[in-house]
A.B. asks: 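Handing you a structure now.
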Amino acid sequence: MYLLLAAHPHGAALQELTQAGHPVPATPEPRLISSGELAAVVRDLENRRPNGQRPRWIWHRTQDWYPALLAAGVELERCYDLSLCGNILAVSTFTAHTDYARNAERVVVEDPLLPPRTLQPPPPPADQGALFDAPGSRQEILRSPEELRAEYAAQQVALASVSPEENRRSRLQLLLAAESAAAMIAAEMQHAGVPWREDLHGQILADHLGPRPPIGHRPAKLEALNQELRELLNSPTLNPDSPQDLMRALHRNGIEVKTTRKWELRESTHPAIGPLLAYKQLSRLHAANGWAWLDAWVHGGRFRPEYVVGGVVSGRWASRGGGALQIPRQIRGAVHADPGHKLIVADASQLEPRVLVALARDPSMAEAARNQDLYAGIAAKGFGGDRAKAKMALLGAMYGATSGEAGRLMPQLAKTFPRAVDFVEQAARAGEAGGTVTTRLGRSSPPPSERWFQSQRSASAEEQRRAESIARSRGRFTRNFVVQGSAADWAACWLAELRRRLRTLRSDGHINAELVFFLHDEVMVHAPAEAVDACIAAIEEAASAAKELLFGPIPVEFPVSVAVVDSYDNAK
DNA sequence: TCAATACTCTCG
DNA sequence: TTGACGAGAGTATTGA
């Protein structure tokens, strides 16, 4: 059953569709539902299961509907996110020949109502009445059921016209399903929140910074370091937070650095460097994850960031506010399981190089990848057992290193693993020439920027060099895109498969295990202690399933390393 | 005065 | 300016 949900001035318009996007004959007209009854109606339809299957909810954007439904206690199994899927279909090389892609500018609409990216916590969960027309809330851009239905039908037509060769059509279909599932998971994770002990966080801050200072003042330990620096650098008015001011003071004292970055400061042996590095570290802690952050982002023992699915062109998630994707190791001790619960932290080991092996079908590298430690396997085959060299060479190949040690190691890598190296080289050359590249499941890189086209028209020798530099830069982007993006394909499937298994555990075993965090190649599940084994099994099965879905039966492993901990800082 | 940019840190 | 890939975010500084 395919159920279309569209916004309506008085609530929602609901219509049952066929898979192709036509109204089902028995219910040709959309049914109007008031805001107040929406959650109950959706819950009822979700649980009806006429053929043993739950419906697939079709809507413009998951983020406009699902958070309020979750707040009302309604969880859904599957959806189709027209906005996210439309973005993929509009630029995928798999659908480049379709009318849908040609008309893409018309249907893919940028959101004009994105909130500014400042430190503002999300609004409290919307109540039923505020679902559609709260002032300032996001409005649907494609409003009427007819428009949404036409959009869905157009997307299905585009998908159906993809060549079945090399399973392209089913791969793209898988990507659309995974992307839609990801949108639901993002909403569910925000709803659940990361278990966050405010008392432990406060203790970390007190240990490092001293007691909480009045607003606008430096914490005691930071102020003490500041005074020490002023004396050591003979600069009574120094503000160490000002790079310019700091640079002048360093130069006056014979510390000849070009920047004030910590890796460059570390080169100096001046007695002020120690306190300065300490200041920088504590200042960062205070500014990024201090008391203000705690007040703004943690409530009721949960950190609830907003995830932005499809926020990165490669398919990775982004986040908005709270720095959810940059939780420093320093404060991970505050992430702590509830009593009787555990945090199960799993990450896909060396995901990107393994994805490269699978993409390139490099038999020699696949053999090396059977090793639990991929870099050790590569080292044994091509680098005389030197793991550090092997790692640097492989990362250099994926990022496009041309100079330094990584650049020098490239010929050695290419000699032993020609197919893998050739794969990323081809992606780089396509990008340099202005072409697009595509991930395993069919997400394509955006076309070159206006700057790229401008640079290609350059005439003088200097402009030529500049043009080549811009082209190489784009080559490094597309080179990395195929690997990073295909890794994101894998991670989305992993996540979706894991969600499915955790839902089964919940309905069959009454085990309330929740996905609470996701970061590119790492997931965190918060679960009752007695459910840990079942969750680990689910995580590992989901990883195998994801590999099978992307690549079929190939001899490359995607091992996950799992840690069962009370506190996140014990995970790695 | 205030928005945009630069710098530096954090994460994968 | 040839800087290894992708991000978010806070503070200082610049510039209209």
Side-chain angles (χ1 to χ4, degrees), chain A residues 116-120 216 218 239-247 257-265 276-277 279-290 292-293 296-297 305-308 310-332 347-353 356 391-410 424 427-428 431 437 445-446 462 464-485 487-488 491 517-523 568 572:
Chain A
R117 299 189 167 194
T118 53
L119 187 77
Q120 287 292 325
R218 283 197 181 92
N239 172 14
D241 292 322
S242 160
Q244 285 188 341
D245 199 8
L246 181 59
M247 183 88 87
V257 287
K258 290 192 191 66
T259 73
T260 59
R261 290 179 197 149
K262 64 178 180 185
W263 59 264
E264 194 177 341
L265 293 172
L276 179 53
L277 293 175
Y279 180 92
K280 277 173 140 343
Q281 193 196 12
L282 295 183
S283 170
R284 165 83 191 176
L285 172 65
H286 181 233
N289 298 100
W293 182 91
W297 290 101
E306 182 183 354
Y307 301 95
V308 185
V312 181
V313 286
S314 66
R316 280 183 169 185
W317 295 15
S319 73
R320 195 150 39 215
L325 273 40
Q326 326 150 219
I327 300 172
R329 295 186 179 282
Q330 214 175 6
I331 59 158
R332 292 189 181 182
D347 78 289
S349 316
Q350 304 153 339
L351 177 59
E352 291 191 1
L356 171 58
K391 180 175 180 178
M392 181 169 287
L394 198 47
L395 290 175
M398 291 190 301
Y399 291 153
T402 51
S403 59
E405 197 188 346
R408 284 194 295 280
L409 290 169
M410 285 297 287
V424 287
V437 294
S445 62
E462 191 180 333
Q464 277 297 322
R465 273 199 303 280
R466 175 127 183 82
E468 283 162 23
S469 154
I470 291 172
R472 276 197 301 275
S473 166
R474 186 172 148 76
R476 285 193 302 277
F477 166 67
T478 51
R479 169 197 293 270
N480 187 253
F481 182 95
V482 288
V483 179
Q484 187 187 109
F517 191 62
F518 169 62
L519 181 56
H520 308 323
D521 63 354
E522 174 180 327
V523 298
Y568 190 21
K572 264 194 235 176

A.B. asks: Tell me whether the side-chain N/O atoms of A:R320 come closer than 4.0 Å to OP1 or OP2 in C:dA9.
C.D. replies: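 Answer is no, no contact under 4.0 Å.
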
A.B. asks: For A:R479, what residues pass the salt bridge (Lys or Arg N to Asp or Glu O under 4.0 Å) criterion, not counting sequence neighbours?
C.D. replies: A:E425

A.B. asks: Would you kindly compare A:S473 and A:I470 by the position of their nearest DNA chain C nucleotide and give the one closer to the 5′ end?
C.D. replies: A:I470

A.B. asks: Walk along nucleotides 6-12 of chain B from 5' to 3' and tag each nucleotide B, S or - by protein heavy-atom contact under 4.0 Å, base first, then sugar-phosphate.
C.D. replies: --SBBSB

A.B. asks: Holding to side-chain hydrogen bond (donor to acceptor under 3.5 Å, both in side chains), I want the full list of residues that pass it with A:S349, two or more places apart in sequence or in another chain.
C.D. replies: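 A:S349 satisfies side-chain hydrogen bond (donor to acceptor under 3.5 Å, both in side chains) with no residue once adjacent residues are dropped.
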
A.B. asks: Which residue, A:R472 or A:R476, contacts DNA chain C at a nucleotide closer to its 5' end, judged by nearest heavy atom?
C.D. replies: A:R472

A.B. asks: Which pair of heavy atoms, one from A:V424 and one from A:V483, lies closest together, and at what distance?
C.D. replies: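 Between these two residues, the closest heavy atoms are CG1-CG2, 4.1 Å.
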
A.B. asks: What's the gap between C:dT1 and B:dC7 when it is taken at their P atoms, as a whole Å value?
C.D. replies: 14 Å

A.B. asks: My understanding is that only residues two or more places apart in sequence, or in another chain, count here; which of them pass side chain to side chain contact (heavy atoms under 4.5 Å, CB included) with A:R408?
C.D. replies: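 Applying side chain to side chain contact (heavy atoms under 4.5 Å, CB included) to A:R408 gives A:E405.
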
A.B. asks: Categorize A:G396 for me: base, sugar-phosphate, or nothing, with a 4.0 angstrom heavy-atom threshold over every strand shown.
C.D. replies: base

A.B. asks: Reckon A:A287 touches a base, only the sugar-phosphate, or nothing at all at heavy-atom distances under 4.0 Å?
C.D. replies: sugar-phosphate

A.B. asks: With heavy atoms under 4.0 Å as the rule, sort A:R466 into base, sugar-phosphate or nothing.
C.D. replies: sugar-phosphate

A.B. asks: Taking NZ, NE, NH1 and NH2 as the nitrogens, is one of them in A:R316 or A:E352 under 4.0 Å from a carboxylate oxygen of the other?
C.D. replies: yes

A.B. asks: Between the opening five pairs and the closing five pairs of the helix from B:dT1-C:dA16 to B:dG12-C:dC5, how far apart are the helix axes, to 10°?
C.D. replies: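 Computed angle between terminal axes is 10°.
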
A.B. asks: Report the residues that fulfil side chain to side chain contact (heavy atoms under 4.5 Å, CB included) with A:Q464, sequence neighbours left out, ordered by chain and then residue number.
C.D. replies: A:S458, A:E468

A.B. asks: Is A:F477 touching bases, backbone alone, or none of the nucleic acid, heavy atoms closer than 4.0 Å?
C.D. replies: sugar-phosphate

A.B. asks: Which residues satisfy the salt bridge (Lys or Arg N to Asp or Glu O under 4.0 Å) test with A:R218, sequence neighbours excluded?
C.D. replies: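 Expected list: A:E223, A:D241.
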
A.B. asks: For A:K262, enumerate each residue passing the salt bridge (Lys or Arg N to Asp or Glu O under 4.0 Å) test, keeping only those at least two apart in sequence or located in another chain.
C.D. replies: none

A.B. asks: Students often get this wrong, so: under 4.0 angstrom with heavy atoms, is A:D347 touching a base, only sugar-phosphate, or nothing?
C.D. replies: nothing

A.B. asks: Tell me, please, which residues at least two apart from A:Q326 pass side-chain hydrogen bond (donor to acceptor under 3.5 Å, both in side chains).
C.D. replies: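 Counting only residues at least two positions away or on another chain, A:Q326 forms no side-chain hydrogen bond (donor to acceptor under 3.5 Å, both in side chains).
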
